[in-house]
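Throughout, a chain's letter reflects where its sequence line sits, starting with A, and its residues are numbered from 1.
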2 protein chains.
Amino acid sequence: MLNPLKNVLQEHQLKATSQRLTLLEYMMTHDTHPTAEMIHQDLPNISLATVYNTLEKFVEKKLVVIIDGISDGKRHYDAADHPHYHVINTRTNEIIDAANYDPAPLIKAAQAATGLKITEYKIDLYGVDPDSKPE
Amino acid sequence: MLNPLKNVLQEHQLKATSQRLTLLEYMMTHDTHPTAEMIHQDLPNISLATVYNTLEKFVEKKLVVIIDGISDGKRHYDAADHPHYHVINTRTNEIIDAANYDPAPLIKAAQAATGLKITEYKIDLYGVDPDSKPE
DNA sequence: CTTTTTGATAAGAATGGTTCTAAATTATTA
DNA sequence: TAATAATTTAGAACCATTCTTATCAAAAAG
């Protein structure tokens, strides 16, 4: 099998259709945290419904994560190929990836507090440029 | 001034109208993480539009935080009177408050990674009952 | 090879949570 | 008071997302 993306899909029990391969590659090679609409504009041959359907499947399989809480009201998506968290510049809405933090103590604290088995975590921090004028 | 909630509003440059007092007290005394619609049902004398408007103001003033990412698609709200994070039981959608974690190292890591001044953080963890059958 | 079955995709309609609008009410100031 | 400003309201509008139904493609069975 020469196409590693095809493998990724099959390992996650997803049929490797051309739309899914295109979308997965798009997500893997873009760190722009796009909305469904933005993806659809870049890949007009894939219908908006399929973009939504496929992203939902990818989220289920944990290939992609949702970023919400952005003040544009839309849902953003991000490839989940390496563990990281997001820092959102509230002045520009820019979403920045960061990975220099080990969430293990947080996970442990949450399991201790709730008794639940933590399967996923979402860490979003909000900040502004330190030198930006208060509007 | 005998009403502490009135003080809270005035300290945040919000006129202490009866709707705002009622809503603030509601949020302070309920840890049920309600949606706007749920609040409106409990407080039918306050219009849904005012519930939304007022919650938005409270969020701006950091008296209330938004919890999204719940699989019911709706926005939930929570009083922000003490720092804590949320653990969501993905089987029941129950939102559990937890506070046994100090986010200081996370904040530090984020500032180091991005150069931004972190003003807010949102930590949501997702988990299931350890003894629940996988559907 | 067909045929059948299953699952994926597409186009557009429908949904519904949230936001907006314009009018009515209430508070504030002169 | 009158005049101005801010808040609240009911309902309309919005629009991101989901749903519906039909079409299509791929795999499985025969």
Side-chain angles (χ1 to χ4, degrees), chain A residues 1 3 5-6 8-10 12-27 33-61 63-78 93 95, chain B residues 1 3 5-6 8-10 12-27 33-61 63-78 93 95:
Chain A
M1 191 72 57
N3 187 340
L5 289 181
K6 214 168 184 173
V8 172
L9 289 175
Q10 290 170 347
H12 289 84
Q13 291 86 42
L14 294 173
K15 281 210 272 196
T17 66
S18 76
Q19 288 91 336
R20 286 176 180 171
L21 283 167
T22 303
L23 271 165
L24 185 58
E25 182 184 19
Y26 182 96
M27 294 307 292
H33 313 92
T35 63
E37 180 58 38
M38 290 158 77
I39 298 169
H40 177 57
Q41 280 181 14
D42 285 346
L43 305 172
N45 294 333
I46 302 178
S47 78
L48 185 57
T50 298
V51 172
Y52 274 109
N53 288 338
T54 306
L55 288 173
E56 187 184 11
K57 283 250 161 36
F58 287 176
V59 169
E60 272 171 27
K61 299 299 187 181
L63 294 168
V64 161
V65 297
I66 292 170
I67 309 172
D68 40 23
I70 310 303
S71 71
D72 65 1
K74 293 167 198 158
R75 191 175 296 165
H76 293 246
Y77 296 88
D78 188 15
N93 268 346
I95 302 165
Chain B
M1 192 71 56
N3 186 340
L5 289 181
K6 215 167 184 174
V8 172
L9 289 176
Q10 289 168 347
H12 289 85
Q13 291 85 43
L14 294 173
K15 282 209 271 196
T17 65
S18 77
Q19 289 91 337
R20 286 175 181 170
L21 283 167
T22 304
L23 270 166
L24 185 58
E25 181 182 21
Y26 181 97
M27 294 307 293
H33 313 93
T35 63
E37 180 58 38
M38 290 159 77
I39 298 169
H40 177 58
Q41 280 180 16
D42 285 348
L43 305 172
N45 294 334
I46 301 178
S47 78
L48 185 56
T50 297
V51 172
Y52 274 109
N53 289 339
T54 306
L55 288 173
E56 187 184 10
K57 283 249 162 35
F58 286 177
V59 169
E60 272 170 27
K61 299 298 188 184
L63 294 168
V64 161
V65 297
I66 292 170
I67 309 171
D68 41 21
I70 311 303
S71 71
D72 65 2
K74 293 168 199 156
R75 192 176 296 167
H76 293 246
Y77 296 88
D78 188 15
N93 269 344
I95 301 165

Please set out all donor-acceptor pairs under 3.5 angstrom arising from side-chain atoms of residues 33-43 of chain A, sequence neighbours excluded.
| unit_1 | atom_1 | unit_2 | atom_2 | d |
| --- | --- | --- | --- | --- |
| A/His33 | ND1 | A/Asp31 | O | 3.3 |
| A/His33 | NE2 | A/Asp97 | OD1 | 2.8 |
| A/His33 | NE2 | A/Asp97 | OD2 | 3.4 |
| A/Thr35 | OG1 | A/Met38 | N | 3.2 |
| A/Glu37 | OE2 | A/Gln41 | NE2 | 3.3 |
| A/His40 | ND1 | A/Ile46 | O | 2.8 |
| A/Asp42 | OD2 | A/Tyr26 | OH | 2.5 |

With a 4.0 angstrom cut-off to heavy atoms of chain B, pull out the first and last contacting nucleotide of DNA chain C, in 5'-to-3' order. C/dG17 to C/dT28
Distances under 3.5 Å only, N/O to N/O: pair up the protein atoms with those of nucleotides 17-19 of chain D.
| unit_1 | atom_1 | unit_2 | atom_2 | d |
| --- | --- | --- | --- | --- |
| D/dT17 | OP1 | A/Arg75 | N | 3.0 |
| D/dT17 | OP2 | A/Tyr52 | OH | 2.5 |
| D/dT17 | O5' | A/Tyr52 | OH | 3.3 |

B/Ser47 side chain N/O closer than 4.0 Å to the phosphate oxygens (OP1, OP2) of D/dT9? yes
Quick one: pull up [atom1] in [X] and [atom2] in [Y] and give me the separation to the nearest 0.5 Å.
X	Y	atom1	atom2	value
A/Lys15	A/Arg20	NZ	CZ	8.0 Å
B/Leu24	B/Leu9	CG	CG	5.0 Å
B/Arg75	A/Asp68	CZ	CG	10.0 Å

Those residues at least two apart in sequence (or on a different chain) that pass side-chain hydrogen bond (donor to acceptor under 3.5 Å, both in side chains) with B/Asn45 are none
Tell me every residue that passes side-chain hydrogen bond (donor to acceptor under 3.5 Å, both in side chains) with B/Asn93, counting only those two or more places apart in sequence or in another chain. B/Ser71
Would you mind reporting whether A/Val65 and A/Tyr77 have side-chain heavy atoms less than 4.5 Å apart? no
Close side-chain approach of B/Glu60 to B/His12, heavy-atom, < 4.5 Å: no
Donor-acceptor pairs under 3.5 angstrom involving side-chain atoms of residues 50-58 of chain A: please list them, not counting sequence neighbours.
| unit_1 | atom_1 | unit_2 | atom_2 | d |
| --- | --- | --- | --- | --- |
| A/Thr50 | OG1 | A/Ser47 | OG | 3.0 |
| A/Asn53 | ND2 | A/Ala49 | O | 3.3 |
| A/Thr54 | OG1 | A/Thr50 | O | 2.7 |

Nucleotide N/O to protein N/O under 3.5 Å, stretch nucleotides 2-7 of chain D:
| unit_1 | atom_1 | unit_2 | atom_2 | d |
| --- | --- | --- | --- | --- |
| D/dT7 | OP1 | B/Arg20 | NH1 | 3.3 |
| D/dT7 | OP1 | B/Arg20 | NH2 | 3.4 |

Can you name the closest pair of heavy atoms from A/Leu14 and A/Lys61 and give their distance? CD1-CG, 4.0 Å
Output the rounded distance in Å from NE2 (B/His40) to C1' (D/dG11). 12 Å
Report which part of the nucleic acid B/Asn45 touches: base, sugar-phosphate, or nothing (heavy-atom distance under 4.0 Å, all strands). sugar-phosphate
